[in-house]
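Here the structure is laid out as structure tokens; the discussion comes afterwards.
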2 protein chains.
Amino acid sequence: MNSISTVSENNSLFLKSKGIKPSYQRLKIYSFLVEHKIHPTVDIIYKNLCSEIPTLSKTTVYNTLNLFIEKKLVQKLIIEETETRYDINTSMHGHFKCEKCGEVCDIFLDDDILLSKKLQGFKINETHIYFKGLCQKCSTKA
Amino acid sequence: MNSISTVSENNSLFLKSKGIKPSYQRLKIYSFLVEHKIHPTVDIIYKNLCSEIPTLSKTTVYNTLNLFIEKKLVQKLIIEETETRYDINTSMHGHFKCEKCGEVCDIFLDDDILLSKKLQGFKINETHIYFKGLCQKCSTKA
DNA sequence: GTATCTGCAAAACATTTGCAATTCT
DNA sequence: AGAATTGCAAATGTTTTGCAGATAC
């Protein structure tokens with residue numbers, strides 16, 4: 001048993017533990033999210049898995065991601081109205097999108113910000129924080 | 001000169017000062033945003049102005065809002081992937097959307113949160129903070 | 001053998017674009 | 001008249017839905 005099959009088996013067991021039948025497609029999509037924490041769009045996931053799974057359809061990518069969201073394995077990121085991104089990290093953190101290179105990266109949020117949850121009378125279920133601007137690479141080049 | 005025409009004239013002068021020709025449609029859309037700070041969608045604006053401007057088209061609403069955004073009179077609010085909202089208040093503030101009644105309200109953000117702008121190496125142009133959950137009304141009823 | 005999952009094609013929506021008609025000065 | 005604005009119809013792009021075939025247990 002090599003390390004690759006071990007990882008795959010672990011992912012498979014993990015999906016099962018969350019009540020998700022680990023089909024070939026689901027496993028590949030889940031693995032992609034774990035191995036590429038780039039907050040990909042459906043299109044990015046689809047294009048990357050196409051060569052490995054020639055019969056893959058975008059419908060399956062959508063179906064799978066919606067299932068993962070329902071089971072709380074993934075969260076949606078809505079930064080642009082034209083592109084929905086998916087994040088395998090469901091813990092509370094912020095995001096930064098570079099307006100030049102388009103990359104989205106994680107932003108650590110300290111407790112001060114999380115205290116903003118103390119909003120009187122509101123029952124907060126979700127907190128979304130994101131920034132737009134120029135990333136380190138793009139701002140030094142400019 | 002009554003107070004209504006004064007308001008209208010003020011809005012007209014304000015649009016001019018921002019380099020926007022104050023057409024009838026633009027003035028009505030601007031006034032609607034000022035008088036109804038409910039972060040409306042294009043559809044809400046359109047439906048509300050239809051009776052007053054029977055020939056109004058959604059294209060004009062879109063065109064006008066995009067112009068207002070370009071001239072920094074309005075900011076886009078993207079909370080749901082399916083609905084873009086528009087906010088006449090362009091100062092830094094957060095939003096809360098109630099998952100039950102669907103209303104979006106403003107959230108005052110104190111300086112602690114704004115300090116989060118100190119993100120090393122990033123040039124921040126926009127900060128977006130929003131919450132989802134149950135509002136006061138809906139959580140007491142539940 | 002029955003449930004579930006996949007994936008094609010079509011539908012559903014929101015937004016933008018092309019362009020002709022209208023309006024304003 | 002000339003330039004900008006409006007609004008219809010069509011195009012675009014993303015996500016969902018219906019359904020038939022494939023797959024899994």
Side-chain angles (χ1 to χ4, degrees), chain A residues 8-9 11-13 15-16 18-30 32 39-71 73-86 102, chain B residues 8-9 11-13 15-16 18-32 39-71 73-86 102 104:
Chain A
S8 183
E9 264 175 54
N11 286 344
S12 184
L13 286 172
L15 289 182
K16 265 184 203 165
K18 295 290 183 177
I20 296 169
K21 225 187 254 184
S23 75
Y24 181 67
Q25 287 85 341
R26 288 172 179 173
L27 209 46
K28 287 292 180 186
I29 292 168
Y30 180 73
F32 182 84
H39 319 88
T41 60
V42 162
D43 202 59
I44 290 170
I45 298 169
Y46 175 75
K47 288 208 169 92
N48 273 275
L49 295 180
C50 253
S51 52
E52 214 176 339
I53 317 170
T55 61
L56 184 67
S57 83
K58 276 193 183 177
T59 303
T60 300
V61 180
Y62 278 111
N63 286 343
T64 302
L65 289 169
N66 285 337
L67 179 66
F68 287 174
I69 287 166
E70 193 191 311
K71 301 292 186 181
L73 257 66
V74 158
Q75 68 169 314
K76 263 190 193 184
L77 253 47
I78 301 170
I79 299 179
E80 308 288 346
E81 60 187 329
T82 50
E83 61 174 29
T84 303
R85 291 170 172 273
Y86 297 85
Chain B
S8 183
E9 264 174 54
N11 286 344
S12 184
L13 287 171
L15 290 181
K16 266 185 202 164
K18 296 290 184 177
I20 295 168
K21 224 187 256 183
S23 75
Y24 182 66
Q25 286 86 342
R26 288 172 178 171
L27 209 46
K28 286 291 181 188
I29 292 168
Y30 180 75
S31 299
F32 182 83
H39 319 90
T41 61
V42 162
D43 203 59
I44 290 170
I45 297 169
Y46 175 75
K47 289 211 169 91
N48 273 275
L49 295 180
C50 254
S51 52
E52 214 176 338
I53 318 173
T55 61
L56 185 66
S57 84
K58 276 194 184 177
T59 302
T60 299
V61 181
Y62 278 110
N63 286 342
T64 302
L65 290 169
N66 285 336
L67 179 67
F68 287 173
I69 287 166
E70 192 190 313
K71 301 290 185 182
L73 258 65
V74 158
Q75 68 168 314
K76 262 190 192 183
L77 254 47
I78 301 171
I79 298 179
E80 309 287 346
E81 60 187 330
T82 48
E83 62 174 27
T84 303
R85 291 170 173 270
Y86 297 86
V104 173

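Per chain, numbering begins at 1; letters A, B, ... match sequence-line order. Heavy atoms only: backbone and side chains are in, while hydrogens, waters and symmetry mates are out.
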(request) Identify which nucleotide among C:dT17, D:dT6, C:dG7 has an atom closest to any side-chain atom of A:Thr60, counting heavy atoms from C-beta outward. (result)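 The answer is C:dG7.
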(request) Compare the minimum distances between each of C:dA14, D:dG7, D:dT17 and the side chain of B:Tyr62, then state the nucleotide with the smallest one. (result)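 From the listed options, C:dA14 comes nearest.
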Integer-rounded Å distance: [N] [atom2] and [X] [atom1]:
| X | N | atom1 | atom2 | result |
| --- | --- | --- | --- | --- |
| A:Asn63 | D:dT14 | CG | P | 18 Å |
| A:Ile44 | D:dT14 | CD1 | P | 11 Å |
| B:Ile45 | D:dG7 | CD1 | P | 15 Å |
| B:Leu67 | C:dT17 | CG | C1' | 17 Å |
| A:Arg26 | D:dA24 | CZ | P | 12 Å |
| B:Gln25 | C:dT22 | CD | C1' | 10 Å |
| B:Asn66 | C:dT16 | CG | C1' | 9 Å |
| A:Lys58 | C:dA10 | NZ | P | 17 Å |

(message) I need the A:Thr64 OG1 to A:Phe32 CZ distance, nearest 0.5 Å.
(response)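 Output value for this atom pair is 13.5 Å.
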(message) To the closest 0.5 Å, what do you measure between CD1 (A:Ile78) and OG1 (A:Thr84)?
(response)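 Between atom CD1 of A:Ile78 and atom OG1 of A:Thr84 there are 5.5 Å.
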Is [X] touching bases, backbone alone, or none of the nucleic acid, heavy atoms closer than 4.0 Å?
| X | value |
| --- | --- |
| A:Glu83 | nothing |
| A:Glu81 | sugar-phosphate |
| B:Ser23 | sugar-phosphate |

(message) Counting C-beta onward and ignoring hydrogens, is there a side-chain heavy-atom pair between B:Phe68 and B:Leu15 closer than 4.5 Å?
(response)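 They are in contact (side-chain heavy atoms under 4.5 Å apart), so the answer is yes.
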(request) Evaluate the side-chain proximity of A:Gln75 to A:Tyr86: yes if any heavy-atom separation is below 4.5 Å, no if none is. (result)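 Of all side-chain heavy-atom pairs linking A:Gln75 with A:Tyr86, none is under 4.5 Å.
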(request) Could you check A:Asn48, A:Leu49, A:Val42, A:Thr41 and say which one makes a side chain to side chain contact (heavy atoms under 4.5 Å, CB included) with A:Ile45? (result)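 Of the listed options, the one satisfying the test is A:Leu49.
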(request) Could you classify C:dA3 for me, syn or anti, using a glycosidic angle within 90° of 0 as syn? (result)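 Here the answer is syn: the torsion falls within 90° of 0.
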(request) Could you tell me which nucleotide pairs with C:dA3 by Watson-Crick or G-U wobble geometry, both distances under 3.5 Å, or answer none if nothing does? (result)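 Partner of C:dA3: none found under 3.5 Å.
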(message) For D:dT23, give the paired nucleotide (Watson-Crick: N1-N3 plus N6-O4 or O6-N4; G-U: N1-O2 and O6-N3; both under 3.5 Å), or none.
(response)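 Per the H-bond distance test, none.
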(request) Starting from the 5' end of DNA chain C, give me the residue, A:Lys21 or A:Tyr46, whose nearest nucleotide shows up first. (result)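 Upstream on the strand: A:Lys21.
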(message) Between B:Tyr24 and A:Tyr86, which residue's closest nucleotide on DNA chain D lies nearer the 5′ terminus?
(response)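 By nearest-heavy-atom nucleotide position, the 5'-most residue is B:Tyr24.
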(request) Let me know, please, whether B:Leu56 or A:Thr84 comes out on the 5' side of the other along DNA chain D by nearest nucleotide. (result)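 Between the two, 5'-proximity favours B:Leu56.
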(message) Is the phosphate of C:dG7 approached by A:Thr55 (side-chain N or O, under 4.0 Å from OP1 or OP2)?
(response)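 It does, given that an N or O in the side chain of A:Thr55 lies less than 4.0 Å from OP1 or OP2 of C:dG7.
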